[in-house]
2 protein chains.
Amino acid sequence: MQNDRTGESLLFLTDEQLRQGIEAMFFAYRGFTADPDRILEKYNYGRAHHRAMHFINRVPGTNVNNLLKILGVTKQSLNRVLRTLIQDELVTLKIGTKDRRERHLYLTDNGKSLEKQLSTAQSHRMREAYRRVGPDAVTGFKQVLEAMMDPKLQVTYKKLRSS
Amino acid sequence: MQNDRTGESLLFLTDEQLRQGIEAMFFAYRGFTADPDRILEKYNYGRAHHRAMHFINRVPGTNVNNLLKILGVTKQSLNRVLRTLIQDELVTLKIGTKDRRERHLYLTDNGKSLEKQLSTAQSHRMREAYRRVGPDAVTGFKQVLEAMMDPKLQVTYKKLRSS
DNA sequence: ATTGGAATGTCAACAAGACTGACGTAAAAT
DNA sequence: ATTTTACGTCAGTCTTGTTGACATTCCAAT
């Protein structure tokens, strides 16, 4: 084996390295969702509710189509979730003034409160992880994740950052 | 705001930083599973089948209990998946010689072939991501993921590394 | 040798959350 | 006036998870 950059690069991209990354993603995602899941269970909600609330909080007044693009599910699937959230008064609809076909979505005070609970729990674990590994590792973490996204989602992700 | 280490540390752990990490995980996981999902669809399998095959390949001869711990599902849920994989001759059982209650699991040649297809597709995306961001970012990526795991899963993850 | 418990399998029932397909309504755009 | 868009909804299906109950096998301890 050569001891130049090519050699290092090949060594760096071994199957073992890749497989470790795959398994790390799998196990970490379990941890990532574990804390919110426990809270959601108490309210008889699921991850789908959490995701919807997260992005309605993130983009207040978003319409349904935009939310569908972010979440990557069908309107029927989202609609089921939204219906319960609206019934339970965690989310409100406002009919668009400019385009009256559009429904703009907002969290109610109750919705904001639950969303805060969920994001606090999820952030807490991430904060601890960040704290343990330091800023440079966090930068790398985000770079790899961003590079793994589908191009369209990468655009969506960046738009959220700058909004 | 103070301009000392405490200040930097606080700035580093802003809600914005944490939320970006959360959203990056969400979007990246979609990319992470997208390619294998497309392949699985052709064979009428799902992610559960992929995960089972991945770890049977990773730990050949594992018994069911061990696999359950790794996957974090109920035996009934795993059993349904294993049954179809065994019927389709992608996985074989061997009854333990030392403890004849235990079923040791192995991929057949067909199983190995499909697993290879799936892991190749999944690795390809990760390889591209790694290549784009470089070795240091990859180190940070794994560090953060490992720090986010539940302690028990972290142990499991490390055991897999050294086996 | 019998008994308790562990490992495994299996049946039934259920729920969340994804999907497709079809249809309806309202409103904007052409 | 017609077409397209945005949204909702009904119906049915699939995967993957859950609980609970029960049977079998078999090791290990009394």
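Worth knowing before you read on, the calculation uses all heavy atoms, side chains too, and leaves out hydrogens, waters and symmetry mates.
Atom CG in Asn65(B) sits roughly 6 Å away from atom C1' in dA7(C) (whole-Å rounding). One can place CZ of Arg83(B) at 11 Å from P of dA12(C), the figure rounded to the nearest angstrom. Atom C1' of nucleotide dC27(D) and atom CD of Glu102(B) are separated by 11 Å, given to the nearest angstrom. Atom pair Leu93(A):CG and dA6(D):P shows a separation of 16 Å (rounding to whole Å applied). Nucleotide dT24(D) holds its C1' atom 12 Å from the CD1 atom of Ile95(B), rounded to whole Å. Here dT16(D) presents its P atom at 10 Å from CG of Leu85(B), a figure rounded to the nearest Å. Across the protein-nucleic acid pair, Gln87(B) atom CD and dG9(C) atom C1' stand 14 Å apart, rounded to whole Å. Look at NZ on Lys69(B): it is 8 Å from P on dA7(C), rounded to the nearest Å.
Within the 4.0 angstrom heavy-atom criterion, no nucleotide atom of any strand lies near His104(A).
Comparing the end axes of the helix from dA1(C)-dT30(D) to dT30(C)-dA1(D), each fitted to five base pairs by superposing C1' atoms of four pairs onto the next four, gives an inter-axis angle of 20° (nearest 10 degrees).
Annotation: the span from Thr120(A) atom OG1 to Glu115(A) atom CD amounts to 8.0 Å, rounded to 0.5 Å. Between the CZ atom of Arg161(A) and the CD atom of Glu146(A) there is a distance of 5.5 Å, given to the nearest 0.5 Å.
Distance alone, capped at 3.5 Å, is enough to place a donor-acceptor pair between the Arg58(A) side chain and the Leu160(A) backbone. Formation of a donor-acceptor pair under 3.5 Å by the Arg47(B) side chain with backbone atoms of Thr33(B) is not found in this model.
Cation-pi contact between Arg51(B) and Phe55(B): absent, since separation from the ring centre below 6.0 Å together with deviation from the ring axis within 45° is not met.
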Under 3.5 Å, sequence neighbours excluded: what are the donor-acceptor pairs made by side chains of residues 95-105 of chain B?
residue, atom, partner, partner atom, Å
Asp99(B), OD1, Arg101(B), N, 2.9
Asp99(B), OD1, Arg101(B), NE, 3.1
Asp99(B), OD2, Arg101(B), NH2, 2.9
Glu102(B), OE2, Asn63(B), ND2, 3.4
Arg103(B), NH1, Arg101(B), O, 2.8
His104(B), ND1, Gly61(B), O, 2.8

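Contact annotation: His49(B) does not reach the phosphate of dT15(D) (side-chain N/O to OP1 or OP2, under 4.0 Å). For dG17(D), one of the phosphate oxygens OP1 or OP2 lies less than 4.0 angstrom from a side-chain nitrogen or oxygen of Arg51(B).
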- Classify every nucleotide of nucleotides 20-30 of chain C by which part a protein heavy atom approaches to under 4.0 Å, writing B for the base, S for the sugar-phosphate alone and - for neither, in 5'-to-3' order. BBB----BS--
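Of the candidates dG8(D), dG17(D), dT10(C), dG17(D) carries the atom nearest the Arg80(B) side chain, counting heavy atoms from C-beta on.
Remark: Arg38(B) does not engage Glu41(B) in a salt bridge, criterion side-chain N to carboxylate O under 4.0 Å. Taking the charged nitrogens against the carboxylate oxygens, Arg125(B) and Glu128(B) have no contact shorter than 4.0 Å, which rules out a salt bridge. Ion pairing of Arg30(B) with Asp37(B) is absent here, as no side-chain N (NZ or NE/NH1/NH2) approaches a carboxylate O to less than 4.0 Å.
When each of Arg47(A) and Asn79(B) is assigned the nucleotide of DNA chain C bearing its nearest heavy atom, the one mapping closer to the 5' terminus is Asn79(B).
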